[in-house]
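Note sheet for the following structure.
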Amino acid sequence: MAKTIITYGTFDMFHVGHLNLLRRLNEMADRVIVGVSTDEFNVKKGKKTLIPYEQRAEIVSAIQYVDLVIPEKSWEQKLSDVQEYQVDTFAIGKDWEGKFDFLNEVCEVVYLDRTDSISTTDLKRSLKRFLSISQKDLSQAFEVLEMLRRDLS
Ligand code: C2G
C-alpha cells in the first residue's frame with residue numbers, strides 16, 4: 001500500500017533546511033503532500049513573509065521530492081486534510097514538538113530534526129544588516145577590495 005505523508009510550513013526564502021526536510025519526507029513515504037501557508041494565514045500566525053504565497057507554493061511544488069501542494073489556510077484543517085488525502089504520517093520539524101500530538105488519533109505523528117545554522121529569520125537578519133550598510137561605507141569597502149585585487153594581481 002503506497003504510503004502518504006503530509007507536512008505544513010511557510011517556506012519563505014526557501015533554503016537548504018526546507019530542502020532537507022522535504023527530502024526526508026520523500027525517503028519516508030511514496031507520496032509527499034505539503035501545505036504551504038497562505039499570506040492571510042501567516043498574518044494570523046504573526047509571520048511576515050517576503051515571498052508571496054503563489055511564488056512559495058510554486059517553488060515547493062517544483063521540488064522533486066514533493067507530489068502535491070495544498071494551501072494551508074487555518075490551524076484546524078489538518079484533521080480534515082489527513083482524512084481527505086488518506087494520510088498515513090504527519091511530519092514537521094522539532095520546533096513544533098508536541099504541538100500536533102492530537103493528530104495521533106488519525107495518523108502517525110513524527111517530529112524531525114531541523115537543519116542547524118540556517119533559518120529564514122537569520123537570512124532576513126543578515127539581509128537587513130547588509131542593506132543597512134551606508135552607500136559611503138559600501139563604496140569605501142569596494143575601493144579597498146579593488147586596491148587589494150590590484151596589489152595581488
Ligand atoms: N526547518 C528545518 N530546518 C531549518 C528550518 C526549517 O527543518 N533550519 C523546517 C521546519 O521545522 C518546518 C519546515 O522546515 O517543519 C518549514 O519551516 P517554516 O517555513 O518556518 O514553517 P512554519 O512557519 O513553522 O510553519 O501549521 C504548521 C506551520 O505552517 C509551520
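Remember, it's 1-based here, ligands and their atoms both numbered in the order they're listed.
Ring geometry, Trp75 versus Phe41: the interplanar angle exceeds 60°, so the pair is classed perpendicular (tilted spans 30 to 60°). Using bins of under 30°, 30° to 60° and over 60° for the plane-to-plane angle, the ring pair His15/His18 lands in the parallel bin.
Taking every non-hydrogen atom of Phe11 and a distance limit under 4.0 Å, the qualifying atoms of ligand 1 come out as 16 (C), 19 (O). Against a heavy-atom cut-off of under 4.0 Å, Gly93 is close to the following atoms of ligand 1: 11 (O), 15 (O). Of all the atoms in ligand 1, the ones that sit under 4.0 Å from a non-hydrogen atom of Ser37 are 29 (O). Near Asp95, meaning under 4.0 Å from any of its heavy atoms, are these atoms of ligand 1: 10 (C), 11 (O).
For ligand 1, the polar-atom distance check finds an N/O of Lys47 within less than 3.5 Å of one of the ligand's N/O atoms. Close N/O approach between Thr10 and ligand 1 is found [any backbone or side-chain N/O within under 3.5 Å]. Close N/O approach between Lys78 and ligand 1 is found [any backbone or side-chain N/O within under 3.5 Å]. An N or O contact shorter than 3.5 Å links Thr115 to ligand 1 by distance. For Lys94, no nitrogen or oxygen atom sits less than 3.5 Å from a nitrogen or oxygen atom of ligand 1, counting backbone and side chain alike. In terms of N/O distances under 3.5 Å, ligand 1 is approached by Ile118. For ligand 1, one of its N or O atoms has an N or O atom of Lys45 under 3.5 Å away. Considering backbone and side-chain atoms alike, Ile92 places every N or O at 3.5 Å or more from each N or O of ligand 1.
Taking both residues in full, the closest heavy atoms of Phe90 and Val87 are given as N-CG1, 4.4 Å, listed atom of the first, atom of the second, then distance. Here the closest heavy-atom approach between residue Ala29 and residue Lys3 is recorded as CB-O, 3.4 Å. Taking all atoms of both residues into account, the shortest heavy-atom contact from Ile51 to Met13 is CG1-N, 3.8 Å.
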Quiz item: Stepwise, does the salt bridge (charged side-chain N to carboxylate O under 4.0 Å, His left out) test hold for Glu40 with Lys44?
Solution: CA-CA 7 Å; Glu40 297 74 22; Lys44 288 188 193 140; over 6 Å; no
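The pair Asp122-Arg125 counts as a salt bridge, with a side-chain nitrogen and a carboxylate oxygen less than 4.0 angstrom apart. Under the 4.0 Å criterion applied to side-chain N and carboxylate O atoms, Arg56 and Asp39 are assigned as salt-bridge partners.
In this structure, the side chains of Leu79 and Leu103 come closer than 4.5 Å at one or more pairs of heavy atoms.
For Lys73, the NZ atom counts as loosely surrounded, since its 6.0 Å shell holds 12 or fewer non-hydrogen atoms of other residues, nucleotides or ligands. Within 6.0 Å of the CD atom in Glu97, the count of heavy atoms belonging to other residues, nucleotides or ligands exceeds 12.
Looking from atom 13 (C) of ligand 1 to the surrounding protein, the closest heavy atom is Leu21 CD2, 4.0 Å. For atom 14 (O) of ligand 1, the nearest non-hydrogen atom of the protein is His18 CD2, 3.6 Å. Among all non-hydrogen protein atoms, the one lying nearest atom 24 (O) of ligand 1 is Trp96 NE1, 2.9 Å.
Heavy atoms of Phe41 stay at 4.0 angstrom or farther from ligand 1.
Summarising the contacts of atom 29 (O) of ligand 1 with Arg56, Glu97, Glu72, the nearest heavy atom is found in Glu72. Of the listed residues (Met13, Arg114, Arg24), the one carrying the non-hydrogen atom nearest atom 6 (C) of ligand 1 is Arg114.
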